[in-house]
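Position 1 is the first residue of the sequence; numbering continues from there.
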Amino acid sequence: MTTISSLVVIGLLGGLITGISPCVLPVLPVILLSAGAQGARGDGEDSDVGLASRFHPYLVVSGLVVSFTVFTLLGSTLLSLLHLPQDLIRWVGIVMLALIGLGMMVPRVMEILERPFARFQRFGGSKNPSNGFLLGLVLGAAYVPCAGPVLAAVAVAGATGRIGVDTVALAVSFALGTAIPLLAFALAGRGITERIRAFRTRQRAIRITAGVVMLGLSVALVLDAPAALQRRLPDYTASLQARTDALLHGSSSGACRPGATELGDCGPLPAIDGTVAWLNTPGDQPLTQKDRAGKVTLVDFFAYSCINCQRSVPGIEKLHKTYASSGLQVIGVHSPEYAFEKEVDNVRGGVERLGITYPVAVDSNLTTWTNFNNHYWPAHYLADAKGNVRQTHVGEGGEAATEKLVRELLKQANPNVTLPAPVFSEAGDDAAASSSPRTPETYLGSDRASGFAQGTLNKGQHSFAFPSNLQADTFALDGTWKVEPQSIAPVESAGRLRLSYRGKQVNLVVSGEGDLTWTVNGQTRTTHVSGVPNGMELVRTDEVGSGVLELEASPGLQLYSFTFG
């Protein structure tokens, strides 16, 4: 059994890793700039940095640690006892973050907000009180950190009310571990304040800038923009998280270890029960045992705000669309990582945004999670037609290996089945696949837009102009386009699109009536498109390479997505 001292070490390691992961990037400007705005109050006259700025980084991080620990452990339970919506804490945090931003620009607003926290302000002196502790509390409530394995264990314990000494030790040590890198960032912001004269002579401008950044972050949180940013960033702490997870939960061996590339015999598939709702089923009714009988089953645990889950869902969806007619039953189990993910309407919106069409069991009470003894987001369990688990996988990736095993089980269940061509690398080796990089599937509609080089692609009619350069795996628009949730269409005159890609093959899903012209490697082709959405091949080469494709679409065409081989 893991000792308390071991749990503290694991918690600290998990917190340190989370504190340097991509999830902290959206809040860094707030932490850095807010320190620079503490040197003066009121009318913004020149002043020294003072004690308020000295204590500000420590107060911000202290507030964040307190709010994170309390809300993670007790937030869900308290809201349930008070019969309040589970996403109340997050929305209160976002509103308060906006108010603090306003207070940075209007000192009178800040004075009102700080009155309940006067005792913490005394650390900064009565002349220059600090709003640092309040800001830290708000950041902890409004901005949810990435889910490492330690945070997953803490969040589940808090959500189920199974809080003991070990859980508290994990939660507190994790929060302190996260605080160390965040404090380093905050102190760096203070260091910049002390060294750059502009921070001491333009206090009013700095405070307004900090206020605008906080207002911007609150709006971004409402629009889920930080998640979109994180999806585009590589998960450079994944291997460190995996090692921490092995310390916390241990690891299986043999064919039943997570990520095994061969079928094992891992026992019967646990029950999917205790759900509060079902989505994507006829009448949103639960799947019955009759619905699942005789089918190969892939159970995928996810949470709609989990960045790693958002990256892995497209692969699960592709398996569902490819093999459902051949006997594969995919079931998503939405097990909440945070309190606001317990709300069925929030889950429904998240499922729609992710483009999930397979059945989803809403496991808000974590009953199915417990039945499976699961510890991860994302994680999937592959069972044969007799209901026995034959493979498990945790984290992102592994689609090729999973597809290979799905095909084996479908053949075992029905030797006469005719399977479609594989949709992932037949090598079954993600390392080999990664040695030949290709651009990920690129969606063009506003709901799932990815790789757009000109900012956020919002619904509506917009005019664009090509940027001066284009990074790999991104696209840009030129002309006037109408942006719909699933597609884009040129308006009045032809619209142009420029795509920087990697791979052997480029395919476009397009529909409507009109001409499509594209140029790549100095060669231009034109074709007439007519009909419902369908995929068409634009580029095919013998070797993996990179290039820039430029196409022109006439009015009447709708463009949906690019895929790459």
Verify, without hydrogens or angle tests, whether [X] (side chain) and [Y] (backbone) share a donor-acceptor contact under 3.5 angstrom.
| X | Y | answer |
| --- | --- | --- |
| Gln558 | Ser487 | no |
| His334 | Tyr304 | yes |
| Ser364 | Lys342 | yes |
| Asp363 | Trp369 | yes |
| Glu537 | Gln505 | no |
| Arg390 | Ala383 | no |

Apply the test side-chain contact (heavy atoms from CB on, under 4.5 Å) to residues Phe464 and Asp478: give CA-CA distance (whole Å), side-chain angles for both, the deciding distance (0.1 Å), then the verdict. CA-CA 5 Å; Phe464 303 96; Asp478 186 81; 5.6 Å; no

Do Gln461 and Thr480 pair up side chain to side chain, a donor and an acceptor below 3.5 Å, judged on atom types alone? no

Drop me the distance from [X]'s [atom1] to [Y]'s [atom2], to the nearest 0.5 angstrom.
| X | Y | atom1 | atom2 | result |
| --- | --- | --- | --- | --- |
| Glu399 | His380 | CD | NE2 | 9.0 Å |
| Lys386 | Leu269 | NZ | CG | 15.5 Å |
| Asn280 | Glu352 | CG | CD | 8.5 Å |
| Leu354 | Gln310 | CG | CD | 5.5 Å |
| Leu405 | Gln391 | CG | CD | 5.0 Å |
| Thr402 | Leu382 | OG1 | CG | 7.0 Å |

Give the minimum heavy-atom separation between [X] and [Y], together with the two atoms involved.
| X | Y | result |
| --- | --- | --- |
| Tyr323 | Val423 | OH-N, 4.5 Å |
| Ala385 | Gly294 | CB-O, 3.6 Å |
| Leu410 | Ser326 | CD2-O, 3.6 Å |
| Ala553 | Trp481 | CB-CH2, 4.4 Å |
| Leu279 | Arg348 | CD2-NH2, 3.6 Å |
| Gly512 | Leu557 | C-CD2, 4.0 Å |

With a 4.5 Å limit on heavy-atom distance, are the side chains of [X] and [Y] in contact?
| X | Y | answer |
| --- | --- | --- |
| Asn374 | Val333 | no |
| Trp518 | Val506 | no |
| Lys404 | Phe424 | no |
| Gln412 | Leu263 | yes |
| Leu287 | Gln329 | yes |
| Ile272 | Trp278 | yes |
| Ile316 | Phe302 | no |
| Phe562 | Leu538 | yes |

More than 12 non-hydrogen atoms from neighbouring residues, nucleotides or ligands closer than 6.0 Å to NZ on Lys411, yes or no?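 Buried by this count: over 12 neighbours within 6.0 Å.
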
Contacts of Tyr381 meeting ring pair (Phe, Tyr, Trp, His ring centres under 6.0 Å) (sequence neighbours excluded), chain-then-number -> Phe301, Phe372

Salt-bridge criterion met for Arg496 and Glu552 (N-O under 4.0 Å): no

Asp300/His320 under side-chain contact (heavy atoms from CB on, under 4.5 Å): CA gap, chis, key distance, verdict: CA-CA 11 Å; Asp300 181 64; His320 162 65; over 6 Å; no

Please test Thr275 against Val362 for side-chain contact (heavy atoms from CB on, under 4.5 Å), starting from the C-alpha separation and ending with a verdict. CA-CA 5 Å; Thr275 57; Val362 184; 5.6 Å; no

Looking only at the aromatic ring of each residue, does the gap between the centers of Phe452 and Phe475 stay below 6.0 angstrom? yes

The test is side-chain contact (heavy atoms from CB on, under 4.5 Å); show your working for Leu499 and Thr439 and say whether it passes. CA-CA 10 Å; Leu499 170 73; Thr439 301; 5.5 Å; no

Does Thr357 form a side chain to side chain donor-acceptor pair (under 3.5 Å) with Glu317? I'd like the steps, not just the answer. CA-CA 7 Å; Thr357 62; Glu317 176 68 19; 2.5 Å; yes

Could you give the side-chain donor-acceptor pairs of residues 521-529 under 3.5 Å, partners two or more places apart or in another chain?
{"unit_1": "Thr524", "atom_1": "OG1", "unit_2": "Thr519", "atom_2": "OG1", "d": "2.8"}
{"unit_1": "Thr526", "atom_1": "OG1", "unit_2": "Thr517", "atom_2": "OG1", "d": "2.9"}
{"unit_1": "His528", "atom_1": "ND1", "unit_2": "Gly514", "atom_2": "O", "d": "3.4"}
{"unit_1": "His528", "atom_1": "ND1", "unit_2": "Asp515", "atom_2": "OD1", "d": "2.9"}
{"unit_1": "His528", "atom_1": "NE2", "unit_2": "Glu513", "atom_2": "OE2", "d": "2.7"}

